[in-house]
There are 2 protein chains.
Amino acid sequence: MDISRLDIHNSDTPELCKSCEVRHKGMCGALNGMELTLLSKHTRQVSQPAGEELVGESTDIDAYDNIMRGVVKLSKTLEDGRQQIVGLQFAPDLVGRLYASESPMTAEAASDVDVCRVPRRILERLIDGNPELRKRLMDQSLRELDEARDWMVTLGRKTASEKVASLLLLIATHLDPDAEGERRVFDLPVSRLDIADYLGLTIETVSRQLSKLKGEKVISITANRHIEVLNFTKLRVRAG
Amino acid sequence: MDISRLDIHNSDTPELCKSCEVRHKGMCGALNGMELTLLSKHTRQVSQPAGEELVGESTDIDAYDNIMRGVVKLSKTLEDGRQQIVGLQFAPDLVGRLYASESPMTAEAASDVDVCRVPRRILERLIDGNPELRKRLMDQSLRELDEARDWMVTLGRKTASEKVASLLLLIATHLDPDAEGERRVFDLPVSRLDIADYLGLTIETVSRQLSKLKGEKVISITANRHIEVLNFTKLRVRAG
DNA sequence: CATTCCACTTGATCTTGATCAAGGAATGGC
DNA sequence: GCCATTCCTTGATCAAGATCAAGTGGAATG
């Protein structure tokens with residue numbers, strides 16, 4: 001891999017980097033706002049439609065994907081096909097297990113996704129030379145660890161009803177972060193099967209719990225995926 | 001906090017640091033083998049009997065504990081008392097959420113534990129100045145993240161029987177790492193209740209599954225806590 | 001417009017693991 | 001050694017959620 005053309009410096013015009021306006025020249029997402037521009041032919045923007053795989057379980061990692069738009073789901077599968085979603089990632093997260101040559105899980109576009117793809121060696125080199133980037137990635141890793149452990153409580157100790165409420169709460173927080181008061185509006189980025197696989201339930205149970213929340217006027221659902229939270233306080237109480 | 005006396009350097013005699021032979025002067029565990037000696041009155045060795053709390057959930061973090069001997073359990077509790085163990089830590093792990101002022105969970109001595117306690121500010125300063133230590137802690141965090149996600153699969157998608165086998169496997173790996181062939185011997189560092197809280201089960205179910213494994217001659221149990229694995233291959237198959 | 005397909009919902013029944021209840025075995029104090 | 005206490009096991013019953021089985025509705029296709 002040719003990294004001789006790699007040029008890392010604090011950009012005088014970091015605005016160029018925002019939202020990847022300068023494609024193939026700027027790194028965005030988590031790496032944005034760093035006032036850092038990576039001028040390299042290696043970095044490029046990639047769009048994936050929902051359902052498309054970014055990295056497969058137990059496959060070689062040769063690049064990291066910085067999410068700019070959309071939702072990525074991380075999952076693990078047992079030999080007999082049972083699946084567990086172990087995390088959702090949103091912009092501006094970086095997708096990919098740092099410092100591993102093999103991915104411990106599958107990363108898949110849940111919704112349509114735009115990412116900025118950085119070759120592995122390049123990012124690892126960037127990290128070494130850039131304390132702020134290093135700190136940022138350390139923070140993301142530690143935050144993901146906190147989230148994974150929070151979710152272990154949900155998986156191990158909550159009822160089906162609490163699990164579903166917890167997931168709605170999680171998604172609402174990410175997809176409608178600025179909302180105030182009782183109302184939240186968003187589109188579920190995942191299918192009922194994905195929800196079930198995230199919560200350790202079956203699709204039938206998920207469906208029943210959503211119907212129950214609908215019947216109790218905590219949420220309203222239109223077109224299967226469009227959720228309107230009517231009573232956020234109640235939803236939080238349900239989540240335990 | 002007085003850190004003026006802090007002196008960090010690569011030790012010429014790292015042997016002094018092994019197993020904390022020089023107490024109050026050396027950092028051990030994860031920090032051992034770093035050929036690094038921290039000469040500071042702030043670092044000290046602490047022994048905690050089983051059951052004693054090291055850090056409470058939502059309490060201020062003012063020190064990190066480097067495990068030198070024993071097993072530490074990390075847990076989270078819901079308001080109504082339901083508990084989930086979100087991780088076990090063994091020597092030479094570092095206990096404590098890096099870069100947070102408040103602990104997201106309880107850390108408790110599962111067995112009798114010896115730790116090397118380092119004040120928070122001191123360790124954070126050490127990290128800044130020491131790339132190898134930084135890498136080591138990053139690796140630990142990423143490994144813990146992998147483990148948490150593996151456990152999410154166990155919690156969400158495995159049966160009671162598979163869960164219990166998975167835990168025995170996990171503990172055997174840590175407490176009898178050098179064993180070869182089919183036999184493994186160790187003492188459970190945790191009670192049945194802890195096992196249940198780690199697996200998202202009840203003590204009754206755990207007890208029944210252990211009895212089943214005993215009946216099938218996969219393990220033998222003496223004095224409640226002493227486990228002898230008779231057929232490691234079978235145990236691995238059971239773990240799914 | 002009819003048809004197919006897919007994602008989701010709803011109902012009936014079954015199973016796994018929880019709960020309730022009792023008793024047994026190890027541990028600590030005196 | 002004896003007692004109390006705590007931890008663990010085992011049995012009987014119950015219920016949450018899984019499984020099995022039909023639908024429903026919306027979007028895509030011809």
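Model, not experiment: these values are computed from the prediction. Labels below follow one simple rule: chain letters A, B, ... track the order of the sequence lines, proteins then strands, and each chain is numbered from 1. Values below: all heavy atoms of this structure, side chains included; hydrogens, waters and symmetry mates excluded.
Each of Arg157(B) and Arg225(B) lies near DNA chain D, and the nucleotide nearest Arg225(B) is the one positioned closer to the 5' end. Projected onto DNA chain D by closest heavy-atom contact, Gln209(A) and Asn224(A) fall at different nucleotides, the more 5' of which corresponds to Gln209(A). Between Val206(A) and Val206(B), the one whose closest nucleotide on DNA chain C sits nearer the 5' end is Val206(A).
At dG17(C), none of the side-chain N or O atoms of Thr202(B) fall inside 4.0 Å of OP1 or OP2 (strictly under the cut-off). The shortest distance between the side-chain N/O atoms of Thr205(B) and the OP1/OP2 oxygens of dG17(C) is not below 4.0 Å.
In this structure, Lys212(A) places its NZ atom 17 Å from C1' of dG11(C), rounding to the nearest Å. Distance CG (Leu188(A)) to C1' (dC8(C)): 12 Å, rounded to an integer number of Å. When the P atom of dC20(D) is taken as reference, atom CD1 of Ile203(A) falls 13 Å away, rounded to whole Å. Atom NZ in Lys158(B) sits about 18 Å away from atom P in dA18(D), given to the nearest Å. When the C1' atom of dC8(D) is taken as reference, atom CG of Leu213(B) falls 16 Å away, rounded to whole Å. When rounded to the nearest whole Å, the span between CD1 of Ile221(A) and C1' of dG25(D) equals 14 Å. One can place CG of Leu199(B) at 12 Å from P of dG17(C), the figure rounded to the nearest angstrom. If you take CD1 of Ile227(A) and P of dC8(C), they are 11 Å apart, rounded to a whole angstrom.
The pair Glu162(A)-Arg157(A) does not count as a salt bridge, with every side-chain nitrogen at least 4.0 angstrom from each carboxylate oxygen. Ion pairing between a basic and an acidic side chain is recognised when a charged N comes within 4.0 Å of a carboxylate O; Arg120(A) and Asp60(A) show no such pairing. Between Glu216(B) and Arg238(B), at least one side-chain N (NZ, or NE/NH1/NH2) sits under 4.0 Å from a carboxylate O, which counts as a salt bridge.
Side-chain proximity of Arg208(B) to dT19(D), dG11(D), dC8(D): nearest is dG11(D). Checking dG17(D), dC8(D), dA21(C) against the side-chain heavy atoms of Glu204(B) singles out dA21(C) as nearest. Closest approach to the Leu201(B) side chain among dT10(C), dT19(C), dA18(C) is made by dA18(C) (side chain taken as heavy atoms from C-beta onward). Among the nucleotides dG17(D), dT9(D), dG17(C), the one closest to any side-chain atom of Ser211(B) is dT9(D).
Distance NZ/Lys73(A) to CG/Asp197(A): 7.5 Å, rounded to 0.5 Å.
For a distance-only test at 3.5 Å, the side chain of Arg192(B) fails to qualify as a donor-acceptor partner of the base of dT10(D).
A donor atom on one side chain and an acceptor atom on the other are found under 3.5 Å apart for Glu182(B) and Thr233(B).
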